[in-house]
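Throughout, residue positions are numbered sequentially from 1 according to the sequence presented.
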Amino acid sequence: MDLQLAGKRAIVTGASRGIGYAVARALAAEGAAVVLAARGQDALDAAAARIAADGGRALAVVTDTTDEASVRGLVRRAAGEFGGVDILVNSAATPATSGFSSALADVDDDRLRHEVETKVLGYLRCARAVAPLMAAQGWGRVINVSGLAARQTGSVIGSIRNVAVAAMTKNLGDELGPQGINVTVVHPGATITEASPATFAAMAEAQGVEEAEIVRRFASGISIGRLVTAEEIAHTVVFLASPLSVAINGEAIAVGGGQIGPIHY
């Protein structure tokens, strides 16, 4: 299937590793020019170099999405280099497996502020910066990478930030849809990335079990019986970034392999 992405111009935040990198790589493979944004120069340059080595068109721009001026600079650079912006994928955030506590007494105000500043306001800043460019051309796609903590308990901070991203997505979808800009959110669950071995090892050590047991516990609640990879999530995001996704706007799509039990309708 031709996703009609050849010649499109995309910005992907959090693109130096994990889901963000997988999405940037997949967009480039479909013929889109991709701006990779993240805070770390070395990791970002390495990610862009790998995409370029595969024949993709990639530009690394160091960006802090918690800073308005930095975000505006990112969008100006992208538009200047590629002539515009068609696609924004917001993926710059702390992974949910980073240890958010579920206990009320452990919810730290500063940690919550940081997570909202990064994931909610950071996503909003990026969308706000690209929306005028997309509206002027009458077409655009914004995809927000959130997480399944929006649909389950277990992390007060994780749920608050992810539900907020979903609410923002629906509001932007309703507002921007008539201008040709579709806005969607995907909810990954526990995901296999390059950081997974170290993450699982640390969890196993803390809990006094084997790494295989940690993976088994995660997989036990997944309908397909295993964890999804970052590359598999990228396939869905790339479709949502394409013109073929026009029928989907303002919606939240779970990309965690299926939660056993709950019915969402």
Novice: Consider only side-chain N and O atoms of N90 and K119, and report whether a donor and an acceptor are under 3.5 Å apart.
Specialist: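 Side chains of N90 and K119: no pair found under 3.5 Å.
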Novice: So is R50 actually on top of Y21's ring, under 6.0 Å and inside 45° of the axis?
Specialist: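 The answer is yes, since R50 meets both limits relative to Y21.
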Novice: If you measure from the Lys or Arg side-chain nitrogens to the Asp or Glu carboxylate oxygens, is any gap between E68 and R128 under 4.0 Å?
Specialist: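 Yes.
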Novice: Hey, which of V142, V75, I87 is the one that makes side-chain contact (heavy atoms from CB on, under 4.5 Å) with I11?
Specialist: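 Only match with I11 under side-chain contact (heavy atoms from CB on, under 4.5 Å): V75.
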Novice: May I have all residue pairs that pass side chain to side chain donor-acceptor pair (under 3.5 Å) and include part of residues 240-255, sequence neighbours excluded?
Specialist: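 Output for this query lists R141-S245.
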Novice: More than 12 heavy atoms of other residues, nucleotides or ligands under 6.0 Å from CD of E210: yes or no?
Specialist: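 No, not enclosed.
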Novice: Under a plain distance cut-off of 3.5 Å, with no hydrogens placed, do T169 and N144 share a side-chain donor-acceptor pair?
Specialist: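 Yes, a side-chain donor-acceptor pair sits under 3.5 Å.
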Novice: Are Q41 and D45 linked by a side-chain donor-acceptor pair shorter than 3.5 Å?
Specialist: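 Judged by distance alone, the side chains do pair up.
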Novice: Within a reach of under 6.0 Å around CZ of R151, are more than 12 heavy atoms found that belong to other residues, nucleotides or ligands?
Specialist: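 Counting neighbours around CZ of R151, more than 12 heavy atoms of other residues, nucleotides or ligands fall under 6.0 Å, so yes.
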Novice: Short question: side chain of Q137, backbone of V85 - any donor-acceptor pair under 3.5 Å?
Specialist: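 Yes, the answer is positive, given that a donor and an acceptor are paired below the 3.5 Å cut-off.
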Novice: How would you list all residue pairs meeting side chain to side chain donor-acceptor pair (under 3.5 Å) that involve residues 252-263, not counting sequence neighbours?
Specialist: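 Output for this query lists Q152-Q259.
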Novice: Same cluster or not: V163 versus V107, using hydrophobic residues (I, L, V, M, F, W, Y) connected whenever any side-chain heavy atoms lie under 4.5 Å apart?
Specialist: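 Hydrophobic grouping puts V163 apart from V107.
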Novice: What is the distance from atom CG of L3 to atom CG of L240, rounded to the nearest 0.5 Å?
Specialist: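 Taking CG in L3 and CG in L240, the distance rounds to 10.5 Å.
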Novice: Should the pair R57-E81 be classified as a salt bridge under the 4.0 Å nitrogen-to-oxygen rule?
Specialist: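 No salt bridge links R57 with E81.
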Novice: Only counting residues at least two apart or in another chain, list the ones meeting salt bridge (Lys or Arg N to Asp or Glu O under 4.0 Å) with R39.
Specialist: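 R39 satisfies salt bridge (Lys or Arg N to Asp or Glu O under 4.0 Å) with no other residue.
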